[in-house]
Amino acid sequence: MTDTALKGEPQQPVGPAVLEDVPGWFWDHDRHSFEWFLGRQAERGVTGHLMEMGAYLGRSAIVIGEHLRPGETFTVCDLFDSDAPDDENSSEMDHSYRKTLTRSAFEANYLSFHDRLPDIVQAPTSALAGGRVPAGAYRFVHIDASHLYEHVVGDLQVARTALQDQGVVVLDDYRSQHTPGVAAATWEAVFNHGLRPIVLTECKFYGTWGDPEPFQRDLLDRVDLAVGCELSAETLNHRQVLRMTGSTEGIRPFRPSRHRPGAAGAPAPEDAYRTARDEAALDLAARRARAAEARRPVNVAKRAAKDLLPPLLTSAIRRARRG
């Protein structure tokens, strides 16, 4: 028994055993897509740096970091527990992340899977603008920071400058009801600024300012694609766009961490990690349920009646319905 244990001092918390123990909204289809794009680059000898703007507690960063090779850097930019630069961004953080997002939690999660931390920039993603990252030096950029339109526009400008000709940019929440700013900035970049879609999943947009067709050919030929993933092709402004749906069959689980049950000297993961993960999943399910309920025709009609009918008439209708 150690002196620390004898003194009854608190022990360090146990980290996540598997990737799913890290709280966040990074689902299997997107993990598979990240690994597909990053693995394809490795197979073709493509080198370059990696970047993530907005990391939350590290679930997607852990996957990106798995593909870091010698001579490359992985930059993660997030406010973490710092103050937001403006009131609107601060309000967004207070609503979604403030209670759980800390740099120390991110670092602990990341080091559960990797020996070294990425290069962390604890600042607004605007800190990367103005030539502060080398132009054309990056091969993969994931944007999942602020959902505000002006901020996403800036993040896309950083990504466009940073990426190689055939570099890949990924945008989260490009179609969610609660993130119209991301949708506006994404499709504005497509129609006005040369961004070309490669493939769309339920949650993320994958694109390039280069040529999307080589990526799309490999996807349609099912090169290294999991068996359960289904692809369909759409035409958008005379260009092909792929959509990925289907099951998670054939998507291999991400490797376990150093804290996995059964590892030498490693205890089981703490319940707090599983609780946080489950709470995140329940929150997402609740938001989707509320959105679906709001779209029901009867509720749409009720809202319309409330907005359009005079108050006295609305009250009379309610009394008549009650009998």
Side-chain angles (χ1 to χ4, degrees), residues 22-26 34 48-65 67-68 72-114 116-164 167-174 178-179 181-182 184-186 189 193 195 204-205 276 280:
V22 179
W25 301 268
F26 187 53
F34 274 45
H49 303 314
L50 311 172
M51 184 190 303
E52 181 165 73
M53 298 186 227
Y56 191 47
L57 293 177
R59 189 187 286 195
S60 55
I62 290 165
V63 174
I64 296 172
H67 296 267
L68 185 65
E72 298 177 339
T73 62
F74 177 26
T75 300
V76 171
C77 183
D78 198 296
L79 279 170
F80 295 112
D81 32 357
S82 298
D83 291 333
D86 55 69
D87 291 341
E88 195 172 5
N89 196 5
S90 181
S91 175
E92 180 188 24
M93 289 187 66
D94 289 341
H95 179 70
S96 302
Y97 311 118
R98 183 70 71 187
K99 294 180 180 178
T100 56
L101 180 57
T102 65
R103 178 168 175 169
S104 60
F106 168 85
E107 291 179 348
N109 288 332
Y110 193 89
L111 290 174
S112 295
F113 292 85
H114 299 288
R116 296 179 58 186
L117 288 169
D119 295 339
I120 297 177
V121 179
Q122 186 168 348
T125 52
S126 58
L128 302 174
R132 296 174 191 174
V133 295
Y138 290 77
R139 59 186 171 96
F140 189 90
V141 174
H142 178 214
I143 299 175
D144 188 11
S146 170
H147 295 142
L148 303 177
Y149 166 78
E150 294 82 3
H151 296 179
V152 182
V153 168
D155 293 344
L156 279 164
Q157 290 172 347
V158 169
R160 184 176 189 179
T161 299
L163 282 169
Q164 305 169 2
V168 175
V169 62
V170 185
L171 287 124
D172 185 66
D173 274 334
Y174 75 101
H178 66 289
T179 58
V182 182
T186 300
H193 304 299
L195 179 60
K204 296 186 188 291
F205 171 108

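Computed over heavy atoms, backbone and side chain alike; hydrogens, waters and symmetry mates excluded. Counting from 1, the numbers follow the sequence of the chain as shown.
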**Q** Return the minimal non-hydrogen interatomic distance between Glu52 and His142, and the atom names on each side.
**A**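 Scanning both residues completely, I find the closest heavy atoms to be OE2-ND1, 2.6 Å.
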
**Q** Is any side-chain heavy atom of Phe106 closer than 4.5 Å to one of Val76?
**A**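 Result yes, sub-4.5 Å side-chain heavy-atom pair found.
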
**Q** Taking side chain as C-beta onward, heavy atoms only, is Leu195 less than 4.5 Å from Val169?
**A**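 Heavy-atom side-chain distance check passes, below 4.5 Å.
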
**Q** Using modelled atom types only, decide if a donor and an acceptor are shared between the side chain of Arg160 and the backbone of Ala189 within a distance under 3.5 Å.
**A**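 It does not hold such a pair.
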
**Q** For the residue pair Thr73 / Asp119, report whether a side-chain donor-acceptor contact shorter than 3.5 Å exists.
**A**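 Their side chains do not contain a donor-acceptor pair, so the 3.5 Å distance test is not met.
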
**Q** Quick check: closest heavy atoms across Ala185 and Val153, and the distance to 0.1 Å?
**A**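 Shortest heavy-atom contact: CB-CG2, 3.8 Å.
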
**Q** Are the side chains of Phe80 and Leu101 in touch, meaning some heavy atoms are under 4.5 Å apart?
**A**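 Sidechains of Leu101 and Phe80: in contact.
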
**Q** Which heavy-atom pair separates Gly58 from Val22 by the least distance, and what is that distance?
**A**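 Looks like C-CG1, 4.2 Å.
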
**Q** Output the distance between atom OG (Ser112) and atom CD1 (Ile62), rounded to the nearest 0.5 Å.
**A**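 Nearest 0.5 Å value for the OG-CD1 distance: 7.0 Å.
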
**Q** One pair to check against side chain to side chain contact (heavy atoms under 4.5 Å, CB included): Leu171 and Leu156. What are the steps and the verdict?
**A** CA-CA 9 Å; Leu171 287 124; Leu156 279 164; 3.8 Å; yes

**Q** Apply side-chain contact (heavy atoms from CB on, under 4.5 Å) to Leu68 and list each qualifying residue two or more places apart in sequence or on a separate chain.
**A**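 side-chain contact (heavy atoms from CB on, under 4.5 Å) check on Leu68 returns Leu50, Glu72, Phe74.
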
**Q** For the CG atom of Asp173 and the CD1 atom of Ile143, what is their distance to the nearest 0.5 Å?
**A**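 Atom-to-atom, Asp173:CG and Ile143:CD1 are 12.5 Å apart.
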
**Q** Are any of the side-chain heavy atoms of Pro118 and Thr75 separated by less than 4.5 Å?
**A**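 They are not in contact (no side-chain heavy atoms under 4.5 Å apart), so the answer is no.
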
**Q** My understanding is that only residues two or more places apart in sequence, or in another chain, count here; which of them pass side chain to side chain donor-acceptor pair (under 3.5 Å) with Arg103?
**A**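 Glu107, Gln122.
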
**Q** Looking at Ser146 and His151, what are the two nearest heavy atoms and their distance?
**A**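 Answer, listing the atom of Ser146 first, then His151: OG-ND1, 2.9 Å.
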
**Q** Mind checking side-chain contact (heavy atoms from CB on, under 4.5 Å) for Thr161 and listing every partner two or more places apart, or none if nothing turns up?
**A**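 Testing Thr161 for side-chain contact (heavy atoms from CB on, under 4.5 Å), a comparison that skips the adjacent residues, returns Ala135.
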
**Q** Parallel, tilted or perpendicular, judged at 30° and 60°: which one describes the rings of His178 and His147?
**A**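 Rings of His178 and His147: perpendicular, as their planes differ by over 60°.
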
**Q** Return the set of residues passing side chain to side chain donor-acceptor pair (under 3.5 Å) with His114 (not counting sequence neighbours), or none when no residue passes.
**A**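 In terms of side chain to side chain donor-acceptor pair (under 3.5 Å), with neighbours along the sequence ignored, His114 is linked to no residue.
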
**Q** Students often mix this up, so state it plainly: with edges at 30° and 60°, are the rings of Phe26 and Phe34 parallel, tilted or perpendicular?
**A**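 Ring orientation of Phe26 relative to Phe34: perpendicular.
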
**Q** I need the minimum non-hydrogen distance between Gln164 and Ala137, along with the two atoms involved.
**A**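 Looking at all heavy atoms of both residues, the closest pair is NE2-O, 4.2 Å.
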
**Q** Do the non-hydrogen side-chain atoms of Leu117 and Tyr110 ever get within less than 4.5 Å of each other?
**A**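 In short, these two side chains touch, coming nearer than 4.5 Å.
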
**Q** CG/Leu111 to CZ/Arg116 distance, rounded to the nearest 0.5 angstrom?
**A**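 Result: 11.0 Å between the selected atoms.
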
**Q** List in chain and number order the residues that pass side chain to side chain donor-acceptor pair (under 3.5 Å) with Thr186, two or more places apart in sequence or in another chain; answer none if no residue qualifies.
**A**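 Listed in chain order: nothing, the list is empty.
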
**Q** Could you tell me the separation between the CZ atom of Arg132 and the SG atom of Cys77, rounded to the nearest 0.5 Å?
**A**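 If I round to the nearest 0.5 Å, the distance is 10.0 Å.
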
**Q** Quick one: side-chain contact (heavy atoms from CB on, under 4.5 Å) partners of Ala162, sequence neighbours excluded?
**A**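 Partners of Ala162 under the side-chain contact (heavy atoms from CB on, under 4.5 Å) test: Met51, Val133, Tyr138.
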
**Q** Which atom names give the shortest non-hydrogen contact between Ala127 and Ala123, and what distance separates them?
**A**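 Looking at all heavy atoms of both residues, the shortest contact is CB-CB, 3.9 Å.
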
**Q** Do Phe140 and Val170 have side chains that get closer than 4.5 Å, going by heavy atoms?
**A**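 Side-chain contact under 4.5 Å: yes.
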
**Q** Kindly indicate whether the side chain of Thr179, heavy atoms from C-beta on, has any atom under 4.5 Å from the side chain of Asp172.
**A**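 In short, these two side chains do not touch, never coming nearer than 4.5 Å.
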
**Q** Would Val158 and Thr125 count as a side chain to side chain contact (heavy atoms under 4.5 Å, CB included) if you check the C-alpha gap in whole Å, the side-chain angles of each, and the deciding distance to 0.1 Å?
**A** CA-CA 9 Å; Val158 169; Thr125 52; over 6 Å; no

